[in-house]
Amino acid sequence: MNSNLDYLKEISSKEKLKSVSCFFQEGRSREQVAISVRKCLDECYCQENIQLENLAERLRVSKYYLSHCFTACYDIPPMQYLRQKRIEEAKRLLFISSWSVSEIADYVGYENVSVFIRIFRMQTGISPGRYRKTFRDSRRYVNKNSEVPFIHTEISEELSKILDYVDTHFCEEINTSTIASVLNMSRHTLMRIFRDSLNISPSKYLRQKRLEKAKELILGTDESFQVISENTGFLSYSQFYKTFYNHYGFSPRKYRETGALNR
């Protein structure tokens, strides 16, 4: 992602529209309109609030004329092009990452995961979960010299700051939005840094930190599970119980009982 995307994710909706207008300052031919719109969509497709009406308003043309210019130039309507860009990125993330479907949906610009699943199915003929399951085993057959996405192993200065903050504050009621705000970056930038460096989403990293601390408290103290859930950043005991069980396959109580027997 380039700096334009990071910038657009940081500013308000009004400022986003103003920044988009910079693409429309040079010329008004049909081809130039189409090229400008495509450039915006290519760089900002992960934005949640991209609307044809807004682009057309900044260009001072009707949305029908804008759509006509784009379709005539690229043989595809602009909003369909946008959906294709998002779904292609989603497919890539389903293949290379362990992010949940909802995390991927959020990353590629769909606030509603049900809408994302429906569009993904329309574009590919299968659900995101089925797509991941179908292609998961194919990874082992990818030749190591093939062109596959490279996952950085070095800890960048940005990532180091993020990890320092999360490792210090994970027991508090923080989430990805909180982390991004405190560190003065967009949620999209935060998720990109985790994806490129650790191949894990920030929310999953945060969840794992909390669960590890919870396990430590379950075996090392006599605190109630309610207190432990509060001291590890979970919003409620029910959320803690569900997260713990889904991750480990057994309940916190079972873990305590089993751990006591093994001492």
Undergrad: First locate atom SG of Cys73, then atom NE2 of His68, and finally report the distance between them rounded to the nearest 0.5 Å.
TA: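 The distance works out to 11.0 Å.
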
Undergrad: Would you give the length of the straight line joining atom CG of Leu190 to atom CD1 of Ile162, rounded to the nearest 0.5 angstrom?
TA: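 CD1 of Ile162 is found 5.0 Å from CG of Leu190.
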
Undergrad: Under a 3.5 Å distance rule, please check whether Arg86 uses its side chain to pair with a backbone N or O of Tyr45 as donor and acceptor.
TA: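 Pair found, side chain donor or acceptor close to backbone of Tyr45.
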
Undergrad: Testing the 3.5 Å rule here: is there a donor-acceptor pair between the side chains of Gln226 and Glu230?
TA: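 Yes.
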
Undergrad: How close do Leu52 and Pro78 get, counting heavy atoms only, and between which atoms?
TA: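 It is CD1-CG, 3.6 Å.
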
Undergrad: Might you confirm whether atom OH of Tyr245 has over 12 heavy atoms from other residues, nucleotides or ligands at distances under 6.0 Å?
TA: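 Incorrect, the count does not exceed 12.
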
Undergrad: Ignoring hydrogens and angles, tell me if any N or O in the side chain of Gln239 forms a donor-acceptor pair with the backbone of Leu235 under 3.5 Å.
TA: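 Yes, the answer is positive, given that a donor and an acceptor are paired below the 3.5 Å cut-off.
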
Undergrad: May I have the step-by-step check of side chain to side chain contact (heavy atoms under 4.5 Å, CB included) for Tyr205 and Asp167, ending in yes or no?
TA: CA-CA 10 Å; Tyr205 178 83; Asp167 291 350; 2.8 Å; yes

Undergrad: Which heavy-atom pair separates Asp106 from Met191 by the least distance, and what is that distance?
TA: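 Residues Asp106 and Met191, closest heavy atoms: OD2-SD, 3.8 Å.
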
Undergrad: Taking atom CD of Gln84 as the centre, does the number of heavy atoms from other residues, nucleotides or ligands within less than 6.0 Å exceed 12?
TA: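 Count over threshold, so yes.
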
Undergrad: Quick one: OG on Ser236 to CZ on Phe240, what's the gap to the nearest 0.5 Å?
TA: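 Here the rounded value is 11.0 Å.
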
Undergrad: Are side-chain N/O atoms of Thr232 and Arg210 paired as donor and acceptor at under 3.5 Å?
TA: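 Note: Thr232 and Arg210 side chains miss the donor-acceptor criterion.
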
Undergrad: Checking the side chain of Arg256 only, and the main-chain atoms of Ile218 only, is there a donor and an acceptor separated by less than 3.5 Å?
TA: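 Answer holds: yes.
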
Undergrad: Treating Ser67 as the side-chain partner and Lys63 as the backbone partner, does any N or O pair qualify as donor plus acceptor under 3.5 Å?
TA: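 No, because the side chain of Ser67 does not come within donor-acceptor range (under 3.5 Å) of the backbone of Lys63.
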
Undergrad: Do Val227 and Leu217 sit in the same hydrophobic cluster, where Ile, Leu, Val, Met, Phe, Trp and Tyr count as joined when their side-chain heavy atoms come under 4.5 Å apart?
TA: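 Hydrophobic grouping puts Val227 apart from Leu217.
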
Undergrad: Flag yes if more than 12 heavy atoms outside Glu53 fall under 6.0 Å of its CD atom; otherwise flag no.
TA: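 For Glu53, atom CD is crowded (more than 12 foreign heavy atoms under 6.0 Å).
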
Undergrad: Of all the heavy-atom pairs spanning Cys171 and Lys213, show the shortest one and how long it is.
TA: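 Looking at all heavy atoms of both residues, the closest pair is SG-CG, 4.2 Å.
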
Undergrad: Assign the ring pair His188 / Tyr107 to parallel, tilted or perpendicular, where the plane angle (0 to 90°) is split at 30° and 60°.
TA: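 Parallel: the ring planes of His188 and Tyr107 meet at under 30°.
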
Undergrad: If we ignore angles and hydrogens, is there a donor and acceptor under 3.5 Å between the side chains of Gln32 and Ser29?
TA: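 The criterion, which ignores hydrogens and geometry beyond distance, is satisfied for Ser29 and Gln32.
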
Undergrad: Taking all atoms of both residues into account, what is the closest heavy-atom pair of Leu93 and Arg195, and its distance?
TA: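 Heavy atoms only, the tightest pair is CD2-CD, 3.2 Å.
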
Undergrad: Quick one: sort the Tyr248 and Phe250 rings into parallel, tilted or perpendicular, breaks at 30° and 60°.
TA: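 Parallel: the ring planes of Tyr248 and Phe250 meet at under 30°.
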
Undergrad: Looking at every heavy atom in both Thr71 and Pro77, which two are closest together, and how far apart are they?
TA: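 For Thr71 and Pro77, the tightest heavy-atom pair comes out as OG1-CA, 3.4 Å.
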
Undergrad: Quick one: pull up CD1 in Ile50 and SG in Cys40 and give me the separation to the nearest 0.5 Å.
TA: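 Nearest 0.5 Å value for the CD1-SG distance: 6.0 Å.
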
Undergrad: Measuring from atom OH of Tyr165 to atom CG of Leu183, what distance do you get when rounded to the nearest 0.5 angstrom?
TA: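 Separation between the atoms: 7.0 Å.
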
Undergrad: Count I, L, V, M, F, W, Y as connected when their side-chain heavy atoms are under 4.5 Å apart, and connections chain through other members. Are Tyr81 and Tyr65 then in the same cluster?
TA: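 Yes, Tyr81 and Tyr65 fall within the same hydrophobic cluster.
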
Undergrad: Do Val113 and Val115 share a hydrophobic cluster, counting only Ile, Leu, Val, Met, Phe, Trp and Tyr and linking them when any side-chain heavy atoms are less than 4.5 Å apart?
TA: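 Same cluster.
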
Undergrad: Considering only NZ, NE, NH1 and NH2 on the basic side and carboxylate oxygens on the acidic side, decide whether Arg92 and Glu89 come within less than 4.0 Å.
TA: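 Yes, charged N to carboxylate O under 4.0 Å.
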
Undergrad: At what distance, to the nearest 0.5 angstrom, does CE of Met122 lie from CD1 of Ile119?
TA: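 Separation between the atoms: 7.0 Å.
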
Undergrad: Ignoring hydrogens, what is the shortest heavy-atom contact between Pro202 and Thr176? Give both atom names and the distance.
TA: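 Heavy-atom minimum between the residues: CG-CG2, 3.7 Å.
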
Undergrad: With a cut-off of 6.0 Å (strictly less than), are more than 12 heavy atoms of other residues, nucleotides or ligands near CG of Asn246?
TA: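 Enclosed.
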
